[in-house]
Amino acid sequence: MLEIDCPFCGKRPEAEFWCIGEGTALVPSLDASADDLQNYLYFRTNGSGEISEQWLHRHGCGEWLTVHRNTKTNAILSVTFMNDDSNTRGRREDR
Amino acid sequence: MKTDDRIAPGVSDTQRVSFVFDGKSYKGLVGDTLASALLANGVFVVGRSFKLHRPRGILAAGADEPNAIVQLEPGSEHSEPDLKATQVELYEGLTASSVNRWPSVDLDFGAALGVLKRFLPAGFYYKTFMWPNWHTFEPSIRKAAGLGVAPKNADPDQYDIRHAHCDVLVVGAGPAGLAAADSLSKAAASVILVDENAAVGSSFMWMASDAGRQHSLDWALSRAEAVRARPNVRVLRRTTATGYYDDNTLTLLERVAEHLPIALRAGRVKQRLWIVRATHVVIATGAHERPIVFGNNDRPGIMLSNAGATYAAHYGVRLGASAIGFTNNDRAYEAFFSTHDGGTPVRDIVDSRATLSDELTSACRSRRITLHLGAVVCNASGRKRVKSVEIRAADGKSRIVSCDLLLMSGGWSPAVHLYSQAQGRLRYDRDLAMFRPQADPARERCTVIGSANGTMGAQSAVLEAMNAAAAIAARLCLEAGAEPATPKPKDLSDTQYRISPLWRVEGSRASAWVDFQNDVTESDVRLASRENFISVEHLKRYTTMGMASDQGKTSNVNALALLGVATDRTPDQVGTTRFRPPYSPVTIGAFGGHARGDLFIPRRYLAAHDAHLRHHAQILEYGSWMRPAFYRLGSETDEQAWNREVLHVRSKVGVFDGSPLGKIEVKGPDVVALLNAVYANELGTLGIGRCRYSVILNEGGGILDDGVIARLSQNHFLVGTSSAGVQRVLEAFEYWRESGKGFRVAIMQASDQWATYAITGPESRRVMQSLPIDIDTSKDAFAHMSFREGHLDGVPCRVARVSFSGEMTFELSVPAHYGRDVFERIIAADAVPFGIEALMIMRTEKGFIHVGVETEPSTTLRDVGMGALGSKKVLPFVGQRAAKRTAMTHESRLQLVGIECVDRSQKIRAGGHLVAGPGEPSEGHLTSCIWSPVLKKYVALALLRAGASRLNQTIKVYDDGKFTDARIVGTCFLDPDGEKLRL
């Protein structure tokens with residue numbers, strides 16, 4: 001049961017959230033190539049190590065979050081709002 | 001009998017209980033386990049081994065017991081299989097039986113299998129019982145396998161789940177755990193202390209000699225009482241920590257009522273699962289003693305030295321007249337002396353090592369115990385009870401020595417299960433011949449102490465615990481409390497742990513057991529290595545060692561070490577198998593807690609639920625909603641009821657409770673931009689007070705959900721979704737709103753705030769006009785697909801004129817707490833209530849899709865004949881590009897059609913497949929199918945390959961062996977021009 005530090009709610013258990021995995025929120029344009037579309041729809045890095053995922057705080061504030069997580073150790077490196085412009089990979093600030 | 005009623009609050013010789021084992025009555029003490037009570041009554045054969053049906057006795061005194069498997073309360077509704085007698089607390093009236101034997105544990109016909117032993121090594125089922133067909137043998141082998149009997153009734157007991165947080169969770173209340181809990185709770189940490197036994201003190205229960213033992217017990221008791229008295233401490237006895245999960249989450253299984261007589265358990269839960277989040281975890285789980293692998297080491301009466309000592313010293317059992325100890329380490333001597341001093345004379349000790357300390361040598365001498373140094377026990381005799389052993393001296397000479405009890409100790413393995421589940425790494429300590437936690441400065445949140453950490457002496461363990469507690473307190477920034485520091489204990493037992501590994505005794509002709517419960521011998525381990533199963537994980541699966549209900553606590557390390565011997569590797573080179581929770585078996589019911597039966601999922605009730613019942617609604621579960629399927633008048637059958645409803649609604653007027661439909665309010669300056677980015681159709685052109693049927697796609701271009709969107713004002717829309725899809729759509733809105741560069745939109749779900757009643761039928765206007773509503777619902781003022789807000793008898797209301805049935809419909813919404821009253825007013829105006837069955841009939845007659853029934857996740861708008869919707873839209877929306885992929889647009893996709901029988905009297909069903917003829921492949925299936933009371937025949941909607949181009953062709957419907965001739969038609973069976981909507 002991971003503990004996720006929601007930027008709005010604070011530390012909450014994993015069960016309150018819903019993870020949709022690695023994703024971006026950029027709709028492919030009408031003239032996007034078939035390859036670009038396939039990559040967008042189906043291909044993920046599926047990395048061993050640090051990846052970036054999208055989580056929804058479904059049973060909490062309802063915000064969409066970007067989570068940097070290490071898939072080998074399950075250590076969570078940062079949790080930010082999805083539309084946070086400072087959404088670069090890095091350490092989470094202590095609340 | 002000796003007693004100690006201080007540390008062990010139950011074991012007192014004034015409270016006797018009666019119990020039954022294998023049909024015979026016995027007496028025991030409160031505080032006994034079933035195992036200690038059986039031993040006290042001289043019962044040594046308690047089971048038969050899994051494969052070969054060899055008589056087996058009690059080996060251990062805790063969760064590590066492999067042999068004494070019992071069926072508790074057999075034949076009753078409380079029957080529970082595969083419990084370990086060493087963990088079953090005795091209660092008045094307990095009934096249990098041994099397993100895996102027929103007709104009895106003393107005379108078992110299955111023992112005949114012993115003759116076939118040569119043909120039943122590990123993995124025999126891969127090589128034998130193959131010809132002519134292994135299925136011939138499979139049923140008998142399956143029947144013979146297994147130990148207990150699974151209960152056939154539902155679990156009659158109640159279980160509970162609780163969550164808790166604490167600063168420090170201390171697992172284990174032995175010397176180390178008690179010291180840590182004491183120090184930490186003094187420093188004001190919130191502490192949870194758990195121990196799987198009923199009494200705290202753990203290894204102190206079997207430690208040696210009267211004086212030292214009493215001093216240790218006194219120390220432990222005073223620490224325990226101090227800890228228990230502090231308000232910041234929760235002590236959970238009879239509680240096993242079963243798993244260590246992410247971020248210091250642990251599960252604890254508390255056995256709440258199992259020690260009580262069944263009659264006294266009423267009103268209590270049987271077990272409670274705790275889910276604990278601890279800032280820091282202290283693991284003081286102790287160590288498991290290893291058996292020694294020698295010939296016939298599985299005979300009843302051969303047990304682990306700590307077990308013998310526990311039964312003799314703690315439970316006061318006289319185990320025999322003449323015991324022999326067999327060891328390769330110093331620590332076992334404490335157990336031998338404890339057993340001896342407790343009343344079971346130890347005559348000889350066989351020590352595989354050549355030398356022994358002076359202290360231990362003189363302790364043996366003072367007890368007149370004959371010491372055999374440099375010697376081994378190579379064989380044991382006595383089938384139902386050990387009666388003698390063969391001792392081989394250092395010079396190779398053997399002699400037979402008689403005994404009725406053998407206490408063996410092959411060393412100790414730290415119980416590193418929880419630590420390993422937490423990704424802790426192990427290292428092999430060659431001096432101590434054990435796998436121990438590897439000190440890892442990166443592991444800040446978990447500390448292992450005591451014998452779990454390889455610190456074997458009690459005095460050392462307590463000091464280690466106090467130091468660890470100080471470090472943890474500092475890390476948690478806790479101040480030392482006002483109480484004085486824990487007094488350092490003096491003279492607790494602290495024999496140095498010296499050991500010389502003895503992984504097997506060579507030269508035994510007889511089989512030597514490694515895993516007792518799964519009947520795995522040392523020759524099976526060598527067989528595995530010969531077959532090249534040399535990875536420790538392969539060894540486990542091939543031999544099944546460690547896979548029984550004791551989970552290898554007494555076998556894992558011996559087996560992997562023996563694999564090392566066979567393959568010329570050291571134990572650390574072989575490694576351990578992966579540790580997974582639970583640490584010991586957990587009843588499934590404990591994970592469910594109270595979520596059973598009616599409480600399995602939360603049920604949602606309509607605001608007008610009582611009114612529905614009053615009108616004879618037949619309520620069914622739809623998702624989580626309890627809704628009327630139909631209303632039964634008099635003694636109507638189900639079909640009569642819903643057919644009557646359809647005919648009445650289509651000719652007069654009815655009312656349907658549509659409250660669960662999703663309603664999402666969307667408001668803000670950018671609302672049109674957001675809606676257009678998410679929904680497939682154009683919404684900017686929707687007029688104020690108008691409604692538009694809208695569809696949202698998923699990312700792959702298939703239909704996700706549909707509904708009617710109404711525009712309340714320039715910047716305020718009300719989005720309707722299906723009942724099941726509202727959460728999905730809401731989350732999609734939120735997702736796309738936050739992904740864009742600042743959509744200024746507020747989104748709020750209002751599904752539960754409004755109760756909605758669909759007044760349906762040609763006379764629906766009459767009903768609306770009879771209600772005290774300030775909205776003009778006349779034909780010219782309120783056209784189809786319009787939306788108005790107003791008041792009903794002073795209460796805010798909303799009215800949408802939309803239709804799912806094909807009849808003129810006014811959907812009247814009021815705040816939910818007025819729902820029941822409004823529903824009754826509508827009924828009073830002569831609208832007949834109708835349910836979901838009738839609605840589904842009507843919408844199928846009209847060919848209206850139900851997302852999830854007519855559609856699969858990849859079904860597109862084009863597939864269901866709505867290709868025009870959103871086709872002209874230039875601004876990108878979700879799924880737009882993906883829906884244009886070749887695979888999503890080719891001609892032979894599954895497309896929505898109508899199906900009717902050539903012979904109108906024939907019956908077809910949803911799920912029937914569409915085929916050209918017998919033997920031909922399926923070309924699609926019926927998605928919805930109803931008997932139309934209007935058309936008096938079956939009609940269906942179906943997905944059919946290239947359906948759009950096959951209208952008026954014939955096809956067959958295949959269903960359960962029957963072929964029915966059918967015709968492919970348009971999807972709308974009634975009023976194709978929609979005249980009934982223009983009333």
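Here the structure is a predicted model, which is why all the values come from computation and not from measurement. Any value given below was found using the heavy atoms of this structure, including those in side chains, with hydrogens, waters and symmetry copies removed. By convention in this document, chain letters (A, B, ...) are assigned in the order of the sequence lines, proteins followed by strands, and residues within each chain are numbered from 1.
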Most contacts with chain B, counted as non-hydrogen pairs under 4.5 angstrom, among Leu41(A), Asp31(A), Thr73(A): Leu41(A)
Atom group of Leu2(A) that falls short of 4.5 Å from chain B, counting heavy atoms: both
Evaluation steps, side chain to side chain contact (heavy atoms under 4.5 Å, CB included), between Thr80(A) and His68(A): CA-CA 9 Å; Thr80(A) 52; His68(A) 288 302; over 6 Å; no
Student check: side-chain heavy atoms of Val719(B) and Leu675(B) closer than 4.5 Å: yes
Side-chain (Glu682(B)) to main-chain (Gly684(B)) donor-acceptor, under 3.5 angstrom: yes
Donor-acceptor contact below 3.5 Å, side chain His280(B) vs main chain Glu444(B): yes
Selection from Arg58(A), Glu14(A), Gln38(A) maximising heavy-atom pairs under 4.5 Å formed with chain B: Arg58(A)
